[in-house]
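Beneath this line is the structure, given in structure tokens, with notes to follow.
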Amino acid sequence: MWNAFKSKPKAEESEDGDSDYAASDGEVSDSSASHAASAELPTTSSADTTPNTSPEKKVPISKWICAQSSKAPKSNANEHITAKLEEMVKNYESTNDKWRAFGYQKAIGALRKCPHEIRSWEEARALQGVGAKLADKIWEIAQSGELRKLTEFQSSEQVQVLKLFTDVWGAGPTTANAWFQQGFRTLEDLKTKANLTHQQKVGVRLYEDLLDRMPREEAAEIEAVVKETAESVQPGVIAYACGSYRRGKKDCGDVDIILTHPDGHSHKGLFGKVIQHLKDKGFLTDDLVSVEDNENQKKYLGVCKLPGPNRKHRRLDIIVVPYEEYACALVYFTGSAHFNRSLRHLCKKMGMSLNEHALRKGVVRKGQEKIFEGTIVPTPTEESVMTALGVPFRPPEERDH
DNA sequence: GCACAGAGAAC
DNA sequence: GTTCTC
DNA sequence: GTGC
Ligand SMILES: O=c1ccn([C@H]2C[C@H](O)[C@@H](COP(=O)(O)OP(=O)(O)OP(=O)(O)O)O2)c(=O)[nH]1
Ligand SMILES: [Mg+2]
């Protein structure tokens, strides 16, 4: 029988990441030579290699999405197209075809930024990230309003079930497919017959609540609870909601809170205390990722519920970071994920590296592998992280790629 | 044919 | 080491 | 999926 699931290439080291990101433009792939040419964006004006200080490689930055504001035309003139392509992304993600999903996501970003409606194949093909295959599909939608490939997915029981299962927190494509192969088709099957990890049990039990997004006002209430608790445990603590909330989104999938302390050391031991206080209050209802014996705990992922009637369970993520890493941690935790991946990809092209801990220069890689870590570039602020890369500073609202 | 970010935690 | 998530 |  037909199998919609994309198997992993057998051999070693499959790199990876996950499906989505990209979008808008630039960020072409890679390989040796510095990009130089490439057709590219209308905005590309040559003469824009990074003003980056000295030794790093010169890389034109105008085409990288992290160097551009995410602000798009108020109304998406190609909504009828992007809606269908978004569906395709979900289908491909659930079937473990992450790089194909990645490609679609990139094209969607370009379509969103496009101020006019795409009507012809040539218009579509001219967009960064749209090749012949996607131009065919975009043209098909523009012409007929339909996408046969999407209809095909919708009539596949396997794909529909994989989507249902990958929406369980803690279950990805591999697990979802294993369940499908075992004959499971519904959440009830999972509850009664499947082997579930702790995370997946919580995910099934709170399935609906955890798929829901909350209004930002509710996220602000959750931020306040954590902030007050942290302050009571360690006066002077810095606590902010990042993620989509900090980017100003109207609704948030969860609340991402960063904790640190300006004295440089009082963040130590904070984790255990804050989590314990929140549990004593009855605020946290379930843990998803939380290190038992703390001290070096980096993150807490769990579920909370505000007091009172008619409240849903909400996902809450907390990270605690040393003050010296605050700027890089803020950039990371504010996102978006696409923005981060773009920024990190750009770093890599420049012979640098960026993670939630630090920005490094003089990094030596052999292929994908890092041979020498390089040295830390001091970055006291978010702005310093971006300008060190030659990327214009963007406020959180403009990093919503 | 290669690269598409980089890391923490659960199992 | 793989899977999943941020 | 795209781009090189
Ligand atoms: O693959 C990922 C996922 C997340 N992040 C960072 C950016 C993101 O903004 C932040 C918080 O993650 P989350 O999944 O909560 O994303 P969000 O941007 O807050 O969106 P949502 O409203 O769905 O929570 O962590 C990454 O760097 N890579
Ligand atoms: Mg979030």
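Chain letters run A, B, ... following the sequence lines, proteins first, then strands; residues in each count from 1.
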Side chains of A:H116 and A:E123 only: does a donor on one sit below 3.5 Å from an acceptor on the other? yes

Whole-Å distance, A:Q368 CD to B:dG1 P, equals 17 Å

Ordered by number, residues from residues 192-203 of chain A within less than 4.0 Å of DNA chain C (heavy atoms) are none

Picking from D:dG1, C:dC6, D:dG3, the nucleotide nearest the side-chain atoms of A:Q128 would be D:dG3

| message | Using OP1 and OP2 only, check whether a side-chain N or O of A:H338 sits under 4.0 Å from B:dA5. | response | no

* Is the shortest side-chain N/O distance from A:K348 to OP1 or OP2 of B:dC4 below 4.0 Å? -> yes

Applied to residues 219-228 of chain A, the salt bridge (Lys or Arg N to Asp or Glu O under 4.0 Å) test, sequence neighbours excluded, yields A:E221-A:R311

note: A:E369, atom CD; B:dG6, atom C1'; distance rounded to Å ~ 15 Å

Quick note, A:V289 side chain, CB onward, closest among B:dA5, B:dA9, D:dG1 is B:dA9

Sorted by chain and number, sequence neighbours left out, ring pair (Phe, Tyr, Trp, His ring centres under 6.0 Å) with A:F333 holds for none

In short, salt bridge (Lys or Arg N to Asp or Glu O under 4.0 Å) pairs touching residues 385-401 of chain A with sequence neighbours left out are A:K71-A:E398, A:R247-A:D400, A:K249-A:D400, A:E382-A:R399, A:R394-A:E398

Whole-Å distance, A:H345 NE2 to D:dT2 C1', equals 12 Å

- Message: Taking B:dA5 as the reference, what is the distance to C:dT5 when you measure between their C1' atoms (whole Å, please)?
- Response: 14 Å

A:Y240 meets the ring pair (Phe, Tyr, Trp, His ring centres under 6.0 Å) criterion, sequence neighbours left out, with none

Rounded to whole Å, CH2 of A:W99 lies from C1' of B:dG1 at a distance of 15 Å

A:K349 NZ to B:dA5 C1', in whole Å, measures 13 Å

The correct set of residues in residues 132-142 of chain A placing a heavy atom under 4.0 Å from DNA chain D is A:A132, A:K133, A:L134, A:K137

Within residues 163-183 of chain A, those residues having any heavy atom closer than 4.0 Å to DNA chain C are A:V168, A:W169, A:G170, A:A171, A:G172, A:P173, A:T174, A:T175

Hits for side chain to side chain donor-acceptor pair (under 3.5 Å) against A:T334, two or more places apart or cross-chain, chain-then-number order -> A:R246

Sequence neighbours excluded, the answer for side chain to side chain donor-acceptor pair (under 3.5 Å) partners of A:R314 is A:D212, A:E218

Across all chains, not counting sequence neighbours, the side chain to side chain donor-acceptor pair (under 3.5 Å) partners of A:K348 are none

Tested for side-chain contact (heavy atoms from CB on, under 4.5 Å) against A:V161, the lone hit among A:E157, A:K163, A:Q158 is A:E157

In short, salt bridge (Lys or Arg N to Asp or Glu O under 4.0 Å) pairs touching residues 125-141 of chain A with sequence neighbours left out are A:E140-A:R148

(Q) Categorize A:Y92 for me: base, sugar-phosphate, or nothing, with a 4.0 angstrom heavy-atom threshold over every strand shown. (A) sugar-phosphate

For A:I319, which contact category applies under a 4.0 Å heavy-atom criterion: base, sugar-phosphate, or nothing?
nothing

Report yes if at least one side-chain N or O of A:N340 is closer than 4.0 Å to OP1 or OP2 of B:dA5; otherwise report no. no

Residue set satisfying ring pair (Phe, Tyr, Trp, His ring centres under 6.0 Å) with A:Y92, at least two apart, ordered chain then number -> A:Y104, A:F153

**Request:** For A:R365, report the nucleic acid contact type (base, sugar-phosphate, nothing); a contact means any heavy atom under 4.0 Å.
**Result:** sugar-phosphate

Regarding the side chain of A:R344, the nearest nucleotide among D:dG3, B:dG6, B:dA9 is B:dG6

Hey, are A:Y300 and A:D287 close enough side-chain-wise for a donor-acceptor pair under 3.5 Å? yes

